[in-house]
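To start, the structure under review is shown below, and the notes come after it.
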Protein chains: 2
Amino acid sequence: MTETQPARRRRRKEARPQELTAAALSLFVEKGFAATRLDDIAERAGVSKGTLYLYFDSKDALFKAVIQEGVVPALHAGEALLEQHDDPLELLRAILSGWWERIGSTELGGIPKLMMSEAGNFPDVAAYYQREVIQRGTALLRAAVSRGIARGVFREVDLDAICSVLIAPLVYRAMWRYSFGPRCGQEADVGPYLKTYFDLILNGLMAPVAAGDTQ
Amino acid sequence: MTETQPARRRRRKEARPQELTAAALSLFVEKGFAATRLDDIAERAGVSKGTLYLYFDSKDALFKAVIQEGVVPALHAGEALLEQHDDPLELLRAILSGWWERIGSTELGGIPKLMMSEAGNFPDVAAYYQREVIQRGTALLRAAVSRGIARGVFREVDLDAICSVLIAPLVYRAMWRYSFGPRCGQEADVGPYLKTYFDLILNGLMAPVAAGDTQ
DNA sequence: GCTAAATTACTGACCAGTCAGTTATTAACT
DNA sequence: AGTTAATAACTGACTGGTCAGTAATTTAGC
């Protein structure tokens with residue numbers, strides 16, 4: 001009876017699009033775009049296929065919506081970190097562990113896998129993703145590393161290359177969850193992975209400590 | 001006229017299966033398994049669709065053949081390195097750069113992307129891949145790192161975790177070639193990436209040099 | 001009862017898989 | 001060598017099922 005509570009099943013929402021894209025995302029990630037049937041998406045969202053077409057013009061349009069909706073709100077939090085941290089080491093840690101907490105470890109972690117699988121079939125969405133996600137994310141990382149080098153905390157490294165290298169193990173792990181992950185039944189032990197990852201990259205980035213340096 | 005030369009176009013091979021799996025691999029990687037039509041594979045291989053069924057029972061069987069054929073000969077070279085190098089640092093470099101040269105930078109580099117995309121849809125092939133590729137590859141890496149730790153060259157790290165972390169940037173880069181890579185038109189500049197990668201991980205792994213050590 | 005939301009039934013294109021027929025290659029016989 | 005018979009390699013039109021997208025119909029809210 002209330003307007004906020006999803007009473008029975010029907011005639012209810014304008015939060016409906018989000019339910020549909022959420023259902024679509026999980027199925028696209030699980031089975032791939034082409035192998036996912038619209039009937040399955042509708043069923044998972046608790047509606048019929050026809051309802052999908054009240055909100056999205058086509059399967060392709062649904063794909064675009066899935067990517068855009070999942071991605072748009074994700075970068076702002078990261079970009080805000082630039083002002084919140086001064087120390088480059090803390091900043092880098094905050095960016096990377098923030099990515100894992102907000103994306104990698106959530107349902108959104110499937111988006112990189114999906115986008116990578118389908119980039120060839122959706123050139124325009126791929127262009128959008130590269131512009132709005134990859135480039136902005138890279139710029140963020142680059143700012144952190146660059147600041148660290150400028151202050152002598154990090155060694156001199158190729159900025160473009162290091163950004164890809166740094167994010168790769170996190171994205172790789174997120175993709176893993178949706179491919180081989182279910183096979184292994186091991187999900188709880190991300191801890192050691194992240195610990196080892198940070199241990200490796202931070203040790204790898206740190207400038208050698210000069211004997212008797214100021215701090 | 002000659003029997004060794006592929007004269008015109010037809011009626012030729014028992015190297016045919018390899019031509020078909022090669023065509024299938026490139027299309028599967030490019031468009032995904034479900035979105036690839038058997039007619040396209042046949043066309044790329046220069047035969048008709050019917051011919052496919054002379055060599056493979058089904059589209060699924062072709063998929064399995066693509067994975068197995070691409071993967072089987074790949075591990076032996078790596079495993080041979082264990083005896084060829086004694087120094088752990090050299091060994092690790094040889095394994096990782098060997099992976100890039102023999103797999104990552106070749107057509108075979110698409111297999112990880114393909115396998116990751118389709119693992120959910122082909123549980124048996126995924127199991128095979130995990131057993132014959134991932135586990136064997138991991139064991140190889142683990143042996144190298146473990147040797148390095150035992151000799152005090154590398155720091156103490158979680159062995160399982162470090163193997164995934166180490167290979168991730170290479171696999172990630174290989175996948176990139178088949179997804180966003182074509183968008184950027186930049187293929188020649190793998191050099192800086194690899195250089196930065198090795199710089200980071202080797203510095204990250206090295207045990208701190210004690211003052212006045214034997215070397 | 002009128003409008004909006006949703007469902008159900010339907011259509012047409014697409015594609016994996018089949019098979020009867022065609023063409024190349026080899027073998028046999030003279 | 002030349003002719004023919006037998007086999008192997010291949011082709012492409014066809015079919016049956018699946019699924020994106022649409023239209024007709026029902027249900028809910030005012």
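Convention: sequence-line order gives letters A, B, ...; per-chain numbering from 1.
Listed by residue number, Ser58(A), Lys59(A) are the residues of residues 58-65 of chain A with a heavy-atom contact under 4.0 Å to DNA chain D. Of all the residues in residues 31-43 of chain A, Thr36(A), Arg37(A), Leu38(A) reach under 4.0 Å from DNA chain D with at least one non-hydrogen atom.
Taking a pair as Watson-Crick or G-U wobble with both distances under 3.5 Å, DNA chain C forms stems of 3 or more consecutive pairs at C:1-30 with D:1-30.
In this structure, Tyr55(B) atom OH and dT11(D) atom C1' are separated by 13 Å, rounded to whole Å. In this entry the distance linking OH of Tyr53(B) with P of dC14(D) reads 18 Å, nearest Å. Between Leu54(B) atom CG and dG17(C) atom P there is a gap of 14 Å when expressed in whole angstrom units. Whole-Å rounding puts the Leu52(A) CG to dT22(D) P distance at 13 Å.
At most 12 non-hydrogen atoms from other residues, nucleotides or ligands lie less than 6.0 angstrom from CG of Asp57(A). For Arg102(B), the CZ atom counts as loosely surrounded, since its 6.0 Å shell holds 12 or fewer non-hydrogen atoms of other residues, nucleotides or ligands.
For dT7(C), one of the phosphate oxygens OP1 or OP2 lies less than 4.0 angstrom from a side-chain nitrogen or oxygen of Ser48(A). Taking side-chain N and O atoms only, Arg16(A) has no distance below 4.0 Å to OP1 or OP2 of dA5(C).
Atom CG of Leu75(A) and atom CD of Gln135(A) lie 11.5 Å apart (nearest 0.5 Å). The line from OG of Ser164(A) to CG of Leu159(A) is 11.5 Å long, rounded to the nearest 0.5 Å.
No side-chain heavy atom of Arg147(B) sits less than 4.5 Å from a side-chain heavy atom of Leu92(B). Phe122(A) is listed as a side-chain neighbour of Phe33(A), based on a closest heavy-atom distance under 4.5 Å. Side-chain atoms of Tyr55(B) and Leu62(B), non-hydrogen and from C-beta on, never get closer than 4.5 Å to each other. Side-chain contact check for Val29(A) versus Glu107(A): every heavy-atom pair is 4.5 Å or farther apart. Val157(B) has its side chain out of reach of Leu200(A): every pair of non-hydrogen atoms, C-beta onward, lies at least 4.5 Å apart.
Using bins of under 30°, 30° to 60° and over 60° for the plane-to-plane angle, the ring pair Tyr193(A)/Tyr197(A) lands in the parallel bin. Between Phe28(B) and Phe63(B), the ring planes lie tilted relative to each other; the angle falls in the 30° to 60° range.
In this model, a side-chain donor or acceptor of Lys49(A) finds a partner on the base of dG21(D) within 3.5 Å.
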